[in-house]
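This report concerns only the one structure given below.
Heavy-atom basis, side chains included; hydrogens, waters and symmetry copies ignored. In this chain, numbering begins with 1 at the start of the sequence shown.
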Amino acid sequence: YVGSVKIIPLGGLDKIGMNITAIQYDDSIIVVDCGLAFPEEEMLGIDLVIPDVTYLKENEDKVQGFVITHGHEDHIGSIPYVLKEVNAPIYATKLTMGLIDSKLKEHGMQRQVKRKVVRYGQSINLGDFRVEFIRTNHSIADAAALAIFSPAGTIIHTGDFKVDYTPVYGDPIDLQRLGELGKKGVLALMCDSTNALRPGFTMSERTVGATFDKIFNDNKNSRLIIATFASNVDRVQQIINSAVAYGRKVCVEGRSMVNIIEVAENLDYLKIPEGTLIDTEEMKNYPPEQIVLITTGSQGESMAALSRMAASLHRKVSIQPGDCVVFSSTPIPGNEKSVSKVINELSMKGAKVIFQDAHVSGHACQEELKLIYSLVRPKFAIPVHGEYRHLIAQARVAEELGIDKDNIFILSSGDVLELDEESAAVTGKVHTGAIMVDGLGVGDVGNIVLRDRQHLAEDGIMIVVLGLDGATDQLISGPDIVSRGFVYVKTSDELMDEAREVVTLAVEGCLDRGITDWGKLKSTIKDSLGEFVWKKTKRRPMILPIIMEI
């Protein structure tokens, strides 16, 4: 008897980020990746977004383990939150595990989570599955693709990848192994779509090193400030190489950057010669042209180090005329505005800003996708990791290469895709969703709270306070009206007085008719005040009546 294998994406298919997929055969479930997403603009005050894992919680006894492809936040960021709900062992390569460890340490969870570091080519048995880790290249070292062997057939999950024949650290992607698996027959390929819209090949990470050398050479008299993704350890290595070659000291700013560099150096993924790294406090002991500052904030994030420097809010670093700032990244879709804002602020302070050619992507373009498809030759294609337009673009590439249109599945989160050697079909849906984390609260801010925040942000609030006599139900004090974010009170006395009058009339009208139910009183206040304010100002502030019994 051979059953079917189910692929159930629980996140990561409608936007970039929050990648997590359950793969199930009979009573065994393995989970590929466990990432977070960063909040969208309308998610006011939210710190991060994690996947809803109700499905895993309901089947906790079946979950054999989490297999992680690489150490980026959108693949490991939710681990501490999800493993509090569903505790299962984690399997990952060395650097990835180092980054997971520091996350678990932050949450005080190292004791209760089982972890195993996996080498490339090694296989792990998890229930009905066997999972093999295959070397790939990405913008962080130690990335892996996964070959997932099940009784129903082999599934290959590429993780995030590119084909880099000259990586900065480690070896090129193991195309030979992918080809061997393709020869034996692959049921389905789940392939990274992030750059599926771009023709051609992605440049090697090493080409950035040459660009840095040129930048260092052209700006010998300036202090250099280079912003990049904290997780791009190879990029940091190349900056350090150029710094050493040009006799500069290196400072690191930004919490995530300091964290990752520490983990990477301890595990020998970063080679930093003695005496190269200095503390930000020691910067003043050196002339500016001997300094290079590596920082976070290449995406214009308001709290990151570079944005704080640009806005003169950074405690230790202030931008000087003559500084040269390099953006070693491309704006993630949606961040263009914040990035250009930071570039403008830096330029106003007299800094020279460089953002061309100092970056290459970590994701495969169309020609590399074609290479992977030609080696793996899957029966079914399931584009993953991307917005809808990226998934469609990859589906086109697959079709051009002769994969039957009916065998390409563009899924959304929660779809249950059942596959066996003959056929594949979406046969159901499981509950998925996004859970918002704000401070220490996980999931206590939902759509209603967000709607209120939006309302407060757009229209402000009016609070109406009044006191009723407990015995006779007469109005004794008030109504007093306090407003925030609605109008500037000092200059709108008249409006506030009229508002007070409107409320008084409404409340007294109710009491005279013998209506003393507080709920009824509150809704009367809301309606009459709301209508008055809308007539006068065409605004709809939130109205909160507070009634006190005296």
Side chains of [X] and [Y], donor plus acceptor under 3.5 Å:
X      : Y      : result
Thr202 : Glu368 : yes
Gln394 : Gln366 : no
Ser204 : Thr207 : no
Thr166 : Arg206 : no
Ser231 : His72  : yes
Ser361 : Asn195 : yes

Handout entry: Salt bridge present between Asp438 and Arg453 (N-O < 4.0 angstrom)
Key =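 Yes, this pair counts.
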
Rounded to the nearest 0.5 Å, what separates atom [atom1] in [X] from atom [atom2] in [Y]?
X      : Y      : atom1 : atom2 : result
Arg177 : Thr136 : CZ    : OG1   : 14.5 Å
Lys370 : Phe201 : NZ    : CZ    : 8.5 Å
Leu48  : Phe38  : CG    : CZ    : 7.5 Å
Asn232 : Ser139 : CG    : OG    : 5.0 Å

Practice task
Might you confirm whether atom CE of Met109 has over 12 heavy atoms from other residues, nucleotides or ligands at distances under 6.0 Å?
Solution key: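 Atom CE in Met109 is crowded, with more than 12 foreign heavy atoms closer than 6.0 Å.
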
Practice task
State whether the number of non-hydrogen atoms from other residues, nucleotides or ligands found under 6.0 Å of Lys105 atom NZ is greater than 12.
Solution key: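 For Lys105, atom NZ is not crowded (no more than 12 foreign heavy atoms under 6.0 Å).
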
Measure the shortest side-chain to side-chain distance between [X] and [Y] over non-hydrogen atoms and say whether it is less than 4.5 angstrom.
X      : Y      : value
Lys162 : Val360 : yes
Leu99  : Ile140 : yes
Asn335 : Ile332 : yes
Gln122 : Lys116 : yes
Phe133 : Leu146 : yes

Handout entry: Lys84 charged N/C atom sitting above Tyr81 aromatic ring, 6.0 Å / 45°
Key =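 Cation-pi check for Lys84 and Tyr81: passes.
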
According to the interplanar angle, ranging from 0 to 90°, do the rings of [X] and [Y] count as parallel (below 30°), tilted (30 to 60°) or perpendicular (above 60°)?
X      : Y      : value
His385 : His157 : tilted
Tyr25  : Phe129 : perpendicular
Tyr269 : Tyr169 : tilted

Exercise for the section: Check step by step if side-chain hydrogen bond (donor to acceptor under 3.5 Å, both in side chains) holds for Tyr373 and Glu400. Expected result: CA-CA 11 Å; Tyr373 272 98; Glu400 278 170 21; over 6 Å; no

Exercise for the section: Quickly, which of Ile20, Ile68, Ile76 forms a side-chain contact (heavy atoms from CB on, under 4.5 Å) with Asp33? Name it, please. Expected result: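 Of the listed options, the one satisfying the test is Ile68.
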
Problem - Pro172 to Tyr165 - nearest heavy-atom pair and separation - result: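 Minimum heavy-atom separation between Pro172 and Tyr165: CG-O, 3.6 Å.
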
